[in-house]
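Accompanying notes for the structure given below.
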There are 2 protein chains.
Amino acid sequence: MRVAGDDCHRDWLEHTDAVLRGAGLRTTAGRSAVVEHLARQRCLVTAQEIVDALRGDEHASASTATVYRALETLHEFGLVRRFDAGEGVARYEPVDPSGDHHHHIVFDDGAVEAFSDRELESAFEGLGERLGVDLTGHDVILRARRPE
Amino acid sequence: MRVAGDDCHRDWLEHTDAVLRGAGLRTTAGRSAVVEHLARQRCLVTAQEIVDALRGDEHASASTATVYRALETLHEFGLVRRFDAGEGVARYEPVDPSGDHHHHIVFDDGAVEAFSDRELESAFEGLGERLGVDLTGHDVILRARRPE
DNA sequence: GTTATTGCAAACAATTTGCATATAA
DNA sequence: TTATATGCAAATTGTTTGCAATAAC
């Protein structure tokens, strides 16, 4: 039985490795640790969370500077998405190489969850044409009240 | 002849005044200057831009701290939207009291433009129900390539 | 051997906060 | 008169950068 999430993450890891290597970048301990941590991640992570997680890992670690530099590199290559819910911290997540993507719900208590909706997705088809611009992507942020 | 934009801004100004006053807040020079500047604004503004604009205005001014505090207050009351395109600066804009709203396109050169699209908007109807959450709002951020 | 990558610590930029003063109600 | 708002400057926070040391290729 295939576990979708796991495969997606393995795919991302392989894809990321290939892209970075293909660009002539070296496979180094720090960046690899960041990439592997992201691959393990389902949700949005902050740079600080990666630093902390790696500090607690005896097999890998990376300084704050390295984490930020790795994230910047990954972002340049379109391998991670940067997401900013407006709390002053940037959050990152792997970009699924298969093209699948999801969006986010920010709850009033600050929690962030992922969601996807085919119907909403299809509303973006043809939008670029209607607006007369060359769309390269889209993000949706829903705000929701936490049910009490 | 009615000029839509102007009316909308006047409406927002009056609405904002009423809400703040209704909450027992005082009508003070600093906050009023910020509110009036926002009302005059069509596009997304940063806190710093407001400070600078007011510094050049002989009739009004507000310190950095006051501008941030005013924006925070307005945001709490849902009178402004905070928008973060991921460049590390928060941008604010009035929330139209009539319920009308628009979204944003971030171009690869960093420019941000507003847009609205009825078709896209209608895709959000029923979304909360489909997802089983109580939606209070939504933001859409399009990414686009600047035509060369 | 070269050149990219790292860690550290210092530098930065946006935003927040403490506190004494000013002012709207 | 009294509590809210302000300005200033210092403090915080998230992120970036210079540079010498290190490690990939």
Side-chain angles (χ1 to χ4, degrees), chain A residues 16-37 44-55 57 59-77 79-92 110 112, chain B residues 16-37 44-55 57 59-77 79-92 110 112:
Chain A
T16 296
D17 261 22
V19 169
L20 295 183
R21 195 174 305 241
L25 302 194
R26 296 179 183 176
T27 301
T28 55
R31 186 161 48 216
S32 297
V34 173
V35 168
E36 274 155 35
H37 182 80
L44 297 155
V45 223
T46 67
Q48 194 53 55
E49 283 167 4
I50 298 178
V51 175
D52 292 344
L54 293 182
R55 211 197 307 278
D57 183 338
H59 300 299
S61 96
S63 70
T64 304
T66 295
V67 170
Y68 277 106
R69 286 193 271 234
L71 289 171
E72 188 190 354
T73 302
L74 293 170
H75 190 253
E76 271 168 23
F77 285 101
L79 296 163
V80 296
R81 273 215 288 174
R82 184 187 269 138
F83 174 83
D84 214 310
E87 346 102 277
V89 237
R91 294 177 172 276
Y92 299 83
V112 179
Chain B
T16 296
D17 260 22
V19 170
L20 296 183
R21 196 174 304 240
L25 301 193
R26 298 180 181 174
T27 301
T28 55
R31 186 160 49 215
S32 297
V34 173
V35 168
E36 274 155 34
H37 182 79
L44 296 155
V45 222
T46 66
Q48 193 54 55
E49 283 166 3
I50 298 178
V51 175
D52 292 343
L54 294 182
R55 210 196 308 276
D57 184 337
H59 300 299
S61 96
S63 70
T64 305
T66 294
V67 170
Y68 277 107
R69 286 192 270 235
L71 289 171
E72 188 190 355
T73 302
L74 293 170
H75 190 253
E76 270 167 25
F77 285 101
L79 296 163
V80 297
R81 272 214 290 175
R82 184 187 268 139
F83 174 83
D84 214 310
E87 346 98 282
V89 237
R91 294 176 172 276
Y92 300 83
V112 180

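Numbers restart at 1 for each chain; the letters A, B, ... are given by sequence-line order, proteins then strands.
OP1 or OP2 of C:dT6 has at least one side-chain nitrogen or oxygen of A:Thr28 nearer than 4.0 Å. Checking the phosphate oxygens (OP1, OP2) of C:dT16, no side-chain nitrogen or oxygen of B:Tyr68 falls inside 4.0 Å.
The listed nucleotides are C:dT5, C:dG7, D:dA9; the one nearest the side chain of A:Arg26 is C:dT5. When the nucleotides C:dT3, C:dA25, D:dG7 are ranked by their closest atom to the side chain of B:Ser61, D:dG7 comes out on top. Distance from the side chain of A:Thr66 is smallest for C:dT6 among the nucleotides C:dT16, C:dT6, D:dT15. In this structure, of C:dT5, D:dG14, C:dG7, it is D:dG14 that holds the atom nearest to the side chain of A:Val89. For A:Ala65, counting side-chain heavy atoms from C-beta on, the closest listed nucleotide (C:dA25, C:dG7, C:dT5) is C:dG7. When the nucleotides D:dA5, D:dG7, D:dT15 are ranked by their closest atom to the side chain of A:Thr64, D:dT15 comes out on top.
One can place CG of A:Asp52 at 13 Å from C1' of D:dG14, the figure rounded to the nearest angstrom. Distance, B:Leu20 CG to C:dA24 P: 16 Å, rounded to whole Å. The nearest whole Å value for the distance from the CG atom in A:Leu25 to the P atom in D:dA24 is 15 Å.
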Determine whether B:Thr28 and B:Thr66 satisfy the following criterion, side-chain contact (heavy atoms from CB on, under 4.5 Å), listing intermediate values before the conclusion. CA-CA 11 Å; B:Thr28 55; B:Thr66 294; over 6 Å; no
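When the nearest nucleotides of DNA chain D are assigned to B:Gly24 and B:Ala62 by heavy-atom distance, the more 5′-ward of the two goes with B:Gly24. In this structure, B:Arg21 and B:Arg82 both approach DNA chain C, and ranking their closest nucleotides by distance from the 5' end singles out B:Arg82.
You'll find the side chain of B:Val80 stays beyond 4.5 Å of the side chain of B:Thr16, heavy atoms only. Between A:Val35 and A:Leu79 the shortest side-chain heavy-atom distance does not fall below 4.5 Å. In this structure, the side chains of B:Val34 and B:Tyr92 stay at 4.5 Å or more apart for every pair of heavy atoms.
Residue A:Thr46 is out of contact with every strand shown, counting any heavy-atom pair closer than 4.0 Å.
Taking 3.5 Å as the limit, the base of D:dA5 and the side chain of B:Arg69 contain no donor-acceptor pair of atoms between them.
Taking each heavy atom of B:Ser32 and B:Thr27 in turn, the nearest pair found is OG-CG2, 3.5 Å.
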